[in-house]
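As the structure is a computational prediction, the values presented were derived from the model and not from experiment. We count residues from 1, following the sequence as given.
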Amino acid sequence: MKTISLLSKAARAATSLGAALLMSACVGGQKPSVEDVLASVDLEEQTCLARAMYFESNRSSEEGMLAVGTVVMNRVESESFPNDICGVVSQPGQFASGVMTREMNAGRELAMNTAARVLRGERHENVRTARFFHTAGYSFSYPNMHYVAIAGGNSFYEKIGRKLRSQVPLATQADVRAGRPSFDFAALKDGADNEVEGVDAMALGQTKPKADTNPFMALFGSLRGSEK
């Protein structure tokens, strides 16, 4: 259900954007204008995304807004969250109070334009697959917070399961501020989801190690043992 929903939205956006690009090609091959880009995305989803960026980030920080937008899209792609942008942003207790109802003033245009870029596929490179963030400078004693970026007044982090974090030290906010690179745990996950998603953005769950149930590897191991 979720995959179908996401694909249909992507198809609509691609069709609209393709039309904008085709139109620009017909008038001299120029890059699409800001108006063309904004016209190529779903206005309702763009507004919901812009609201999350506007109320959760420094309103003059384009990078911060892009980082928040990346988190929202990561949640949309996760089975643990709603499968549309407005559903993610309006989840109780997840984003700023009144995120869906308060008026956007100064900084609204930047938020709307950045939201359009995110809907076209742009992401904050350092945020990667992170689905969580909190106000920069706050510290928590949870053992599974792996920080990947600080932008727009927020610190962005991944939740890393016990098995993975026993192999590589987790990055702290101080590490990110100092410019030390955060390890990319995707290389160790090997396709398995080792993160536990909580309902609250700051409520960190514990991960149960996943047993190796690959029948091929089990058979391969038994055959090697019989050869000795």
Side-chain angles (χ1 to χ4, degrees), residues 6 9-10 13-14 16-17 20-21 31-78 81-91 94-96 99-100 102 104-138 145-159 171 173 175-186 201-202:
L6 288 173
K9 290 174 184 175
S16 299
L17 181 57
L21 291 173
K31 296 176 69 175
S33 66
V34 173
E35 290 75 17
D36 290 333
V37 171
L38 295 179
S40 71
V41 299
D42 183 283
L43 180 59
E44 181 182 8
E45 293 194 334
Q46 179 189 1
T47 302
C48 289
L49 185 56
R51 283 183 164 279
M53 294 173 166
Y54 183 87
F55 290 111
E56 287 290 358
S57 181
N58 184 319
R59 292 166 194 174
S60 63
S61 174
E62 184 176 358
E63 181 191 6
M65 290 186 179
L66 182 62
V68 171
T70 301
V71 166
V72 172
M73 299 309 293
N74 287 344
R75 288 189 176 199
V76 171
E77 294 172 5
S78 169
F81 294 92
N83 64 353
D84 64 274
I85 293 171
C86 293
V88 165
V89 176
S90 63
Q91 264 197 304
Q94 293 298 298
F95 293 95
V99 64
M100 298 295 288
R102 291 160 59 192
M104 293 187 287
N105 297 303
R108 180 184 184 280
E109 183 177 357
L110 176 61
M112 290 294 286
N113 290 343
T114 307
R117 289 163 46 200
V118 171
L119 288 173
R120 290 179 58 214
E122 187 171 347
R123 299 290 184 270
H124 191 292
E125 182 179 8
N126 292 339
V127 172
R128 300 194 294 244
T129 61
R131 302 181 188 119
F132 305 94
F133 63 89
H134 62 70
T135 302
Y138 282 69
M145 302 174 77
H146 179 57
Y147 290 92
V148 294
I150 297 178
N154 292 311
S155 294
F156 299 81
Y157 64 94
E158 301 171 324
K159 296 178 183 180
Q173 292 183 78
D175 291 328
V176 176
R177 288 196 195 94
R180 291 187 282 272
S182 298
F183 184 79
D184 187 355
F185 278 90
M202 293 184 180

Keeping [X] on the side-chain end and [Y] on the backbone end, is there a donor-acceptor pair under 3.5 Å?
{"X": "Gln173", "Y": "Tyr147", "result": "no"}
{"X": "Ser78", "Y": "Asn74", "result": "no"}
{"X": "Arg123", "Y": "Thr70", "result": "no"}

Side-chain contact test, heavy atoms from C-beta onward, threshold under 4.5 Å: evaluate it for [X] versus [Y] and give yes or no.
{"X": "Leu66", "Y": "Val118", "value": "yes"}
{"X": "Arg51", "Y": "Phe95", "value": "no"}
{"X": "Arg128", "Y": "Ser182", "value": "yes"}

Practice problem: Applying ring pair (Phe, Tyr, Trp, His ring centres under 6.0 Å), name anything that partners Phe55, two or more places apart in sequence or on another chain. | Solution: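 Ring pair (Phe, Tyr, Trp, His ring centres under 6.0 Å) check on Phe55 returns nothing, list empty.
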Specify the closest pair of heavy atoms between [X] and [Y], including all atoms of both residues, with the distance to one decimal.
{"X": "Gly69", "Y": "Leu49", "result": "CA-CD1, 3.9 Å"}
{"X": "His134", "Y": "Tyr138", "result": "CE1-O, 3.2 Å"}
{"X": "Met112", "Y": "Ala50", "result": "SD-CB, 3.5 Å"}
{"X": "Tyr54", "Y": "Met104", "result": "CD2-CG, 3.6 Å"}
{"X": "Ser155", "Y": "Gly137", "result": "OG-N, 4.3 Å"}
{"X": "Met100", "Y": "Ser90", "result": "CG-CB, 3.8 Å"}

Would you give the length of the straight line joining atom [atom1] of [X] to atom [atom2] of [Y], rounded to the nearest 0.5 angstrom?
{"X": "Phe185", "Y": "Lys159", "atom1": "CZ", "atom2": "NZ", "answer": "15.5 Å"}
{"X": "Asn105", "Y": "Arg59", "atom1": "CG", "atom2": "CZ", "answer": "8.0 Å"}
{"X": "Met73", "Y": "Glu122", "atom1": "CE", "atom2": "CD", "answer": "12.5 Å"}
{"X": "Arg131", "Y": "Glu158", "atom1": "CZ", "atom2": "CD", "answer": "8.5 Å"}
{"X": "Glu62", "Y": "Met53", "atom1": "CD", "atom2": "CE", "answer": "9.5 Å"}
{"X": "Ile85", "Y": "Asp42", "atom1": "CD1", "atom2": "CG", "answer": "8.0 Å"}

Exercise. Not counting sequence neighbours, which residues clear side chain to side chain contact (heavy atoms under 4.5 Å, CB included) with Ala149? List them please.
Key: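 Scan of Ala149 (side chain to side chain contact (heavy atoms under 4.5 Å, CB included), adjacent residues dropped) gives His124, Asn126, Val127, Phe156.
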Self-check item: Working for side-chain hydrogen bond (donor to acceptor under 3.5 Å, both in side chains), residues Arg75 and Gln91
Solution: CA-CA 11 Å; Arg75 288 189 176 199; Gln91 264 197 304; 4.6 Å; no
Self-check item: Aromatic ring proximity, centroids under 6.0 angstrom, Phe132 and His146
Solution: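 Distance test on ring centres: not under 6.0 Å, no.
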